[in-house]
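Written below as structure tokens is the structure these notes are about.
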Amino acid sequence: MRGQNDSSVAEFILLGFSNYPELQRQMFGAFLVIYLVTLTGNALIMSVILLDRSLHIPMYLFLQNLSVVETGFSTTVMPEMLVVLTSEKATISFGGCFAQMYFILLFGGTECFLLGAMAYDRFAAICHPLSYPVIMNKRVFMTLVTCSWLSGTMMTTLQTTWVFSFPYCGSNKINHISCETPAVLELACTDIFFFEIYAFTGTVLIILTPFVLILLSYIRILFSILKMPSTTGRQKAFSTCASHLTSVTLFYGTASMTYLQPKSKYSPDTKKLMSLAYSLLTPLLNPLIYSLRNKEIKRAVVKLWERKVALHTT
């Protein structure tokens, strides 16, 4: 980014929720609690899966990767947002804005692919239980995880580099909670028509395509559930699938509305709320939905706690 990209803008100002000064203190307290709960929940999942060898199977290793993504996503957005809520003028350097956008896109893009891979894993486990060990062997699992991270990295590097190649020579006030692509692009003093075409195409490939595959997987899962002879088994499977689809829809729905049209007609406040949905709520809900309701995870937590107590009492 030579010479701040030949731009007169050396830093940006994040406005956040500055038009609601009377609510910022309450927002700070609520967001701080959510951030700490998110970190605790995801750290617990990562630690339990790492320490309990019985959980070293694809389903839980996918969850571990998802927790890494959610922790990274929250840590990229939340600390800066908390600073914005407590500052009269929250500035972020040109390079800092680049870095924040890079990691938002990296973790967001990787999560899109990971959720798709996890849906395929559930489809294979429920619809083809006898051949599941063959379908989802270690090589297939590693391929899916590696491709998720590599795809997220390549998409992120291209998009972030392209966004910061534009000149920013006017206002430096970003009317958003973070350096997300659409909010930063509103300050670009050049035509971004070709980037908008890329953004539309990229959103379809990265967000909508995995989402459609997830829906198709769950439709097949639903038909398999309906064939289950046990009413209890059907209810449990329905509950799990409904929770997963709620989280997935929240993440993909708000993200696609944000990135499908970088210069959309949504109001700034609406854009901020949509951003909060996938940067604040999804990392908080996913540990609860995917793991902490899971009997195996809870059993492993209890076992590790009992082991810790036993070590302290001996």
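Worth knowing before you read on, the calculation uses all heavy atoms, side chains too, and leaves out hydrogens, waters and symmetry mates. The structure presented is a predicted model; accordingly, all values stated were derived computationally and were not measured.
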Nearest 0.5 Å, please: how far is [atom2] in [Y] from [atom1] in [X]?
| X | Y | atom1 | atom2 | value |
| --- | --- | --- | --- | --- |
| F113 | T146 | CZ | OG1 | 13.5 Å |
| H56 | L61 | NE2 | CG | 6.5 Å |
| I206 | T156 | CD1 | OG1 | 8.0 Å |
| N65 | L114 | CG | CG | 5.5 Å |
| C179 | L105 | SG | CG | 11.0 Å |
| L285 | L280 | CG | CG | 9.0 Å |

Q: Could you check V48 against Y60 for side-chain contact (heavy atoms from CB on, under 4.5 Å), going step by step and ending with a plain yes or no?
A: CA-CA 10 Å; V48 167; Y60 297 107; over 6 Å; no

Q | Stepwise side chain to side chain donor-acceptor pair (under 3.5 Å) test for T76 and Y102 | A | CA-CA 9 Å; T76 299; Y102 186 92; over 6 Å; no

Could you report the tightest heavy-atom contact between [X] and [Y], atom names first, then the distance?
| X | Y | value |
| --- | --- | --- |
| Y198 | M155 | OH-O, 3.8 Å |
| P287 | G41 | CB-C, 4.3 Å |
| P268 | N175 | CB-ND2, 3.3 Å |
| Q159 | F195 | CG-CZ, 3.8 Å |
| I104 | S178 | CD1-OG, 3.8 Å |
| C147 | S151 | O-OG, 2.7 Å |

Q | Pair L187-F166, side-chain contact (heavy atoms from CB on, under 4.5 Å): steps then yes or no | A | CA-CA 10 Å; L187 306 182; F166 296 134; over 6 Å; no

Sub-4.5 Å side-chain heavy-atom contact between [X] and [Y]:
| X | Y | value |
| --- | --- | --- |
| T86 | Q24 | no |
| V212 | Y252 | no |
| T181 | T160 | no |
| E111 | T282 | yes |
| V84 | I177 | no |
| V184 | H176 | no |
| F251 | C112 | yes |
| F73 | F103 | no |

Q.
As a quick check of understanding, evaluate ring-ring contact (aromatic ring centres under 6.0 Å, His included) for F164 and F94, giving each step before the final call.
A. CA-CA 9 Å; F164 279 88; F94 196 88; 5.2 Å; yes

Q) So, are K89 and E11 salt-bridged, with charged N and O less than 4.0 Å apart? A) no

According to a 4.5 Å side-chain heavy-atom criterion applied to Ile, Leu, Val, Met, Phe, Trp and Tyr, with indirect links allowed, do [X] and [Y] form part of one hydrophobic cluster?
| X | Y | value |
| --- | --- | --- |
| L32 | L284 | yes |
| V37 | V69 | yes |
| L222 | Y218 | yes |
| M78 | V83 | no |
| I126 | L130 | no |

Measure from the side-chain N and O atoms of [X] to the backbone N and O of [Y], and report whether any donor-acceptor pair falls under 3.5 Å.
| X | Y | result |
| --- | --- | --- |
| S275 | K271 | no |
| N286 | P283 | no |
| S67 | M46 | no |

Q) Can you list the residues that meet the ring-ring contact (aromatic ring centres under 6.0 Å, His included) rule with H128, with sequence neighbours excluded? A) F123

**Q.** Candidate pair I49 and I297, rule side-chain contact (heavy atoms from CB on, under 4.5 Å), full reasoning
**A.** CA-CA 8 Å; I49 294 173; I297 293 286; 4.1 Å; yes

Q: Have a look at C97 and tell me which of T91, N172, I174 forms a side chain to side chain contact (heavy atoms under 4.5 Å, CB included) with it.
A: I174

Q.
Is the distance from the ring center of F141 to that of F62 below 6.0 Å?
A. yes

Between [X] and [Y], a side-chain donor and acceptor under 3.5 Å:
| X | Y | result |
| --- | --- | --- |
| E70 | N42 | no |
| T270 | S267 | yes |
| D269 | Y20 | yes |

Q.
If you apply the rule salt bridge (Lys or Arg N to Asp or Glu O under 4.0 Å), what do you find for E296 with K303, and how did you get there?
A. CA-CA 10 Å; E296 291 300 313; K303 187 170 75 173; over 6 Å; no

**Q.** Other residues, nucleotides, ligands: >12 heavy atoms within 6.0 Å of E88 CD
**A.** no

Q. Is atom CZ of R299 surrounded by more than 12 heavy atoms (other residues, nucleotides or ligands) closer than 6.0 Å?
A. yes

Q. Cation over ring, K272 on F17, under 6.0 Å and within 45°?
A. yes

**Q.** CA sep, side-chain torsions, deciding dist, call: Y132, D121, side chain to side chain donor-acceptor pair (under 3.5 Å)
**A.** CA-CA 9 Å; Y132 173 72; D121 175 67; 2.5 Å; yes

